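Please read the structure below before turning to the comments.
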Amino acid sequence: MAITYDTSRVTLVDHPLVQHKLTIMRDRTTGTKQFREIVRELALFEGYEATRDFPLEDVPVETPICPTVGKRIAGRKVAIVPILRAGLGMVEGMLDLIPSARVGHIGMERDEVTHEPHEYYCKLPRDISERTCLIVDPMLATGGSALDAIHALRSRGARDIKLAVLISAPEGLKAVLEGDPDVHIYTCAIDESLNENAYIVPGLGDAGDRIFGTL
Ligand code: PRP
Ligand code: URA
């Protein structure tokens with residue numbers, strides 16, 4: 001039976017350049033250096049979409065021709081929160097786009113037998129409740145890690161949370177959207193399903209191992 005979820009809280013970032021780069025990432029022969037570069041680039045593309053609702057304010061500016069009124073971002077504070085370890089691969093791409101963002105870290109690891117995540121580290125900016133939190137992780141499989149990360153942030157006061165992943169499974173989208181009433185998810189692809197080891201099919205294998213060369 002088809003898996004259904006609230007599509008109004010999911011943004012599919014499927015620009016042709018994104019799809020082209022994803023295919024290179026999926027290729028089992030792509031090496032660590034290129035894989036890492038593409039994770040960073042795709043994070044930048046997703047950051048672009050995830051910041052689309054940032055408020056603007058008018059600002060006077062003088063061009064070489066005449067004075068005019070331009071726009072600038074109206075002081076939105078951002079925290080980028082990678083889920084360790086694979087999420088680290090997306091941080092630099094997000095920072096390229098939002099250099100003033102603070103970076104929090106949350107350590108989640110899936111148990112290889114039960115596939116349940118457990119938190120082993122959490123360090124966030126002190127003023128997390130005032131920031132738009134962009135949780136980043138390349139893979140959303142069962143959704144357990146992302147949902148635990150969201151709950152960890154909420155329990156520490158975070159209110160405005162977005163989740164940016166590169167590849168998601170329908171099962172993970174459903175679990176996260178049903179487990180948190182407000183989060184919005186950005187994803188570059190929605191794959192078919194999960195296999196018996198809770199890996200995304202077709203997916204790209206283990207993102208952390210491919211980013212850090214620990215295969
Ligand atoms: C991977 C991935 C996600 C999680 C997704 O991390 O980066 O965090 O699995 O799976 P889930 O949606 O079923 O929770 P992993 O636990 O392998 O740790 P790593 O980043 O250290 O490789
Ligand atoms: N974690 C990964 O890195 N890949 C998957 O397909 C599922 C979980």
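Every number for a ligand or one of its atoms is a count from 1 in the order of the listing. Each residue takes its place number in the sequence, starting with 1. Here the structure is a predicted model, which is why all the values come from computation and not from measurement.
Proximity of a side-chain donor or acceptor of Gln19 to a complementary backbone N or O of Asp14 within less than 3.5 Å is detected.
Protein heavy atom closest to atom 18 (O) of ligand 1, with residue, atom name and distance, is Met108 O, 4.2 Å. Among protein heavy atoms, the minimum distance from atom 5 (C) of ligand 2 is reached at Tyr199 CD2, 3.3 Å. The single protein non-hydrogen atom nearest to atom 14 (O) of ligand 1 is Ser145 OG, 2.5 Å, given as residue, atom name and distance. Looking from atom 17 (O) of ligand 1 to the surrounding protein, the closest heavy atom is Asp206 OD2, 4.0 Å. Taking atom 9 (O) of ligand 1 as the reference point, the nearest protein heavy-atom neighbour is Arg110 CD, 3.7 Å. The protein non-hydrogen atom at the shortest distance from atom 8 (O) of ligand 1 is Asp137 OD2, 2.4 Å. Of all protein heavy atoms, the one closest to atom 21 (O) of ligand 1 is Arg85 NE, 3.0 Å.
For atom 6 (O) of ligand 1, no protein heavy-atom neighbour is found at a distance under 4.0 Å. In this structure, atom 1 (C) of ligand 1 has no protein heavy-atom contact shorter than 4.0 Å.
A salt bridge does not link Lys174 with Glu171: none of the charged nitrogens is closer than 4.0 Å to a carboxylate oxygen. Taking a cutoff of 4.0 Å between a charged side-chain nitrogen and a carboxylate oxygen, Asp96 and Arg40 qualify as a salt bridge.
At least one heavy atom of Met139 sits under 4.0 Å from some atom of ligand 1. Ligand 2 lies nowhere less than 4.0 angstrom from a heavy atom belonging to Pro138. Taking a 4.0 Å cut-off on heavy atoms, Gly143 registers as neighbouring ligand 1. Within the structure, the closest approach of Ala169 to ligand 2 does not fall below 4.0 Å when heavy atoms are considered.
Between Thr11 and Thr187 there is no side-chain heavy-atom pair separated by less than 4.5 Å. Between Met25 and Val39, the closest side-chain pair of non-hydrogen atoms falls below 4.5 Å. Contact annotation: the side chain of Leu134 approaches that of Ile98 to within less than 4.5 Å [non-hydrogen atoms, C-beta and beyond]. At least one side-chain heavy atom of Asp160 sits less than 4.5 Å from a side-chain heavy atom of Arg76. Under the 4.5 Å side-chain criterion, counting only non-hydrogen atoms from C-beta, Ile211 is in contact with Phe35. Between Asp111 and His118, the closest side-chain pair of non-hydrogen atoms is not below 4.5 Å.
Ligand-side atoms of ligand 2 in range of Ala198: 7 (C), range being under 4.0 angstrom from any heavy atom. Distances below 4.0 Å separate heavy atoms of Ala141 from the following atoms of ligand 2: 7 (C), 8 (C). Heavy-atom contacts of Ile200 reach the following atoms of ligand 2: 5 (C), 6 (O) (cutoff under 4.0 Å).
Ligand 1 has an N or O atom lying under 3.5 Å from an N or O atom of Ala141, backbone or side chain. Ligand 1 has no nitrogen or oxygen under 3.5 angstrom from a nitrogen or oxygen of Glu109. The shortest N/O to N/O separation between Ala207 and ligand 2 falls below 3.5 Å.
Side-chain heavy atoms closer than 4.5 Å link hydrophobic residues (I, L, V, M, F, W, Y) into clusters, and following such links, even through other members, never connects Val176 to Val136. Linking Ile, Leu, Val, Met, Phe, Trp and Tyr whenever their side-chain heavy atoms come within less than 4.5 Å puts Ile73 and Val78 in one cluster.
The heavy atom nearest to atom 20 (O) of ligand 1, out of those in Ala86, Ala149, Gly208, Ser168, is found in Ala86. Checking Gly205, Ala86, Gly208 against atom 2 (C) of ligand 2, the nearest heavy atom belongs to Gly205.
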Do Arg154 and Asp180 pass the salt bridge (charged side-chain N to carboxylate O under 4.0 Å, His left out) test, and can you show the C-alpha distance, the side-chain angles, and the key distance before you say yes or no?
CA-CA 10 Å; Arg154 294 242 183 262; Asp180 185 274; 2.7 Å; yes
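Taking a 6.0 Å sphere around CZ of Arg102, one finds it holds 12 or fewer heavy atoms contributed by other residues, nucleotides or ligands.
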